[in-house]
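Comments concern the structure below.
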Number of protein chains: 2
Amino acid sequence: MDKNKKYLNIYSELINGIENNKIKANTKLPSENELMKKYNVSRATIRNALELLERNGYIQKIKGKGSFVLDINKLKLPVSGLTSFKELNSCMNAKVKTIVKELDVVQADDYLANRLEIPYNQDVWKVIRVREINDKRIILDKDYFNRKYVDLLTKEICENSIYEYLENQLGLKISFAKKEITVKKATQEDKEYLELEDYEMVVVVRSYVYLEDISLFQYGESRHRPDKFKFVDFARRNKM
Amino acid sequence: MDKNKKYLNIYSELINGIENNKIKANTKLPSENELMKKYNVSRATIRNALELLERNGYIQKIKGKGSFVLDINKLKLPVSGLTSFKELNSCMNAKVKTIVKELDVVQADDYLANRLEIPYNQDVWKVIRVREINDKRIILDKDYFNRKYVDLLTKEICENSIYEYLENQLGLKISFAKKEITVKKATQEDKEYLELEDYEMVVVVRSYVYLEDISLFQYGESRHRPDKFKFVDFARRNKM
DNA sequence: AAGTGGTCTAGACCACTAT
DNA sequence: TAGTGGTCTAGACCACTTC
């Protein structure tokens, strides 16, 4: 763990304290001055750590007063900020299963070429998965990966976490994503794959995911039964 | 504008360049070293400015390479990050109208006391508004404000922007919000106020909005006709 | 007046990318 | 090897809150 990055170590030490309730919500953190002494680092390092805590909704700094610990139980952040399945379902206690319906290399048609910003006919991984939650088929995930960045995908990888494979095995660095949430009439495909009951609509989450070097490498559509969908967002007011 | 904050001035100068296309997408910004010389400031100041640009999706920094300008047209950020109505509808060219259906001070029942974390029976502003987009009643906004922070609200204020009033007239500093997007069966009230056509469901955006001193001052529900709803999010991968 | 976080300076060394 | 952004230090002054 210890990557010799002092501010990250301090950051995670503070997070641990907050999540284990050793540092209580609505109390003050030690001042930046005190933290400097405690960790024997410069103020900029402390500020780097606190900046991360603030950005991720753990604390709120107030000028002249101090850094206040927010109630994470009340604010319950979207855990990762990027992954679709895990992020969109905070149903931690649910029984979850992934069924791979399709796993192919296809050649980009106009639609895909456009979505992935690649030439027509270029190779693309196509992955269609159904997510079962508590034995009900609730989510249909259709994902497309630029083959240039992903040489191989297997059924096993797709049944577990593709992202874990991409990041930990292939060493791809995912940096940001654009997401779009809309509601659409359910298609024939939705009705086939999902247990939609009487619902006529699905929630569609489209994502465009980029690597660290700004290359677009994935386009995905996550289609949810509306009653089971929930998206939680923590947003800070922009400066200026 | 010049608030003597160098990094904010540099930040907005760079934003202007990007938005007016003087600084082109997919090109590199000058290096931090060059920007230091250009603006005659220290590197930390430049880094403060670039950090803001990166956080807001204008650039992507790549170690060893430089700061690359992202295509804002492709990524189209949620404009403000907090306000409900404007943020959730990027229909900029649409004709928009707000109709105030109800504007009262009420006493918190159990539900509201819970939502706003105030004692039972405490005074709360209740505002119910219908939003017309292109002459169709599309959104029903139900907002509740802790009276402690908002002494007076008028029909005129509610027809324009309540937030503008709170921030610019009352000087309230809004700092962050928790939002939750779900889809629910339309209620009788939804059907009454909105032109739902055949849709049986509405998209519900619940927000809890906090001031700079961490006090919760607003709870709101924004109820949307599903076909007109769209939420766009720009998310960065968390460190660690 | 003392303490807090916000801004800023002027250095330094590092890991990474380019060539 | 030279240039880039990432981390870190040791100062300084400011505006704000608390007393």
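In what follows, every heavy atom counts, from backbone to side chain, and hydrogens, waters and symmetry copies are set aside. None of the values given here were measured: they were computed from a predicted structure. Letters A, B, ... mirror the listed sequences (proteins, then strands); counts begin at 1.
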| 5'-most contact on DNA chain D: B:I62 or A:V41, nearest heavy atom basis? | B:I62
Taking only side-chain nitrogens and oxygens of [X], does any of them come within less than 4.0 Å of OP1 or OP2 of [N]?
| X | N | result |
| --- | --- | --- |
| B:S42 | C:dG11 | no |
| B:S67 | D:dT4 | no |
| A:K63 | C:dG3 | no |
| A:R47 | C:dG6 | yes |
| A:S31 | C:dG3 | no |
| B:T45 | C:dT9 | yes |

| query | So, the side chain of B:D213 versus the backbone of B:S215: is there a donor-acceptor pair under 3.5 Å, distance only? | reply | yes
| query | Taking the side chain from B:D109 and the backbone from B:L112, do they hold a donor-acceptor pair closer than 3.5 Å? | reply | yes
| Between C:dT9, D:dT9, D:dT18, which nucleotide gets closest to the side-chain atoms of A:K65? | D:dT18
| Closest listed nucleotide, where the reference is the side chain of B:K61 and the choices are D:dT4, C:dT9, D:dG6 | D:dG6
Please state how far atom [atom1] in [X] lies from atom [atom2] in [N], giving the value in whole angstrom units.
| X | N | atom1 | atom2 | answer |
| --- | --- | --- | --- | --- |
| B:Y7 | C:dT7 | OH | P | 3 Å |
| B:R43 | C:dC13 | CZ | P | 14 Å |
| B:F68 | D:dT4 | CZ | C1' | 10 Å |
| A:N48 | C:dG5 | CG | C1' | 15 Å |
| A:N33 | D:dC14 | CG | C1' | 15 Å |
| A:K173 | C:dA15 | NZ | C1' | 11 Å |
| A:K28 | C:dG5 | NZ | P | 8 Å |
| B:K6 | D:dC13 | NZ | P | 15 Å |

| B:E167 bridged to B:K173 by N-O distance under 4.0 Å | no
| task | Kindly state whether the ring of A:F231 and the ring of B:F231 have centres lying under 6.0 angstrom apart. | result | yes
| Identified salt bridge (charged side-chain N to carboxylate O under 4.0 Å, His left out) partner of A:E32 from the options A:K61, A:K38, A:K37 | A:K61
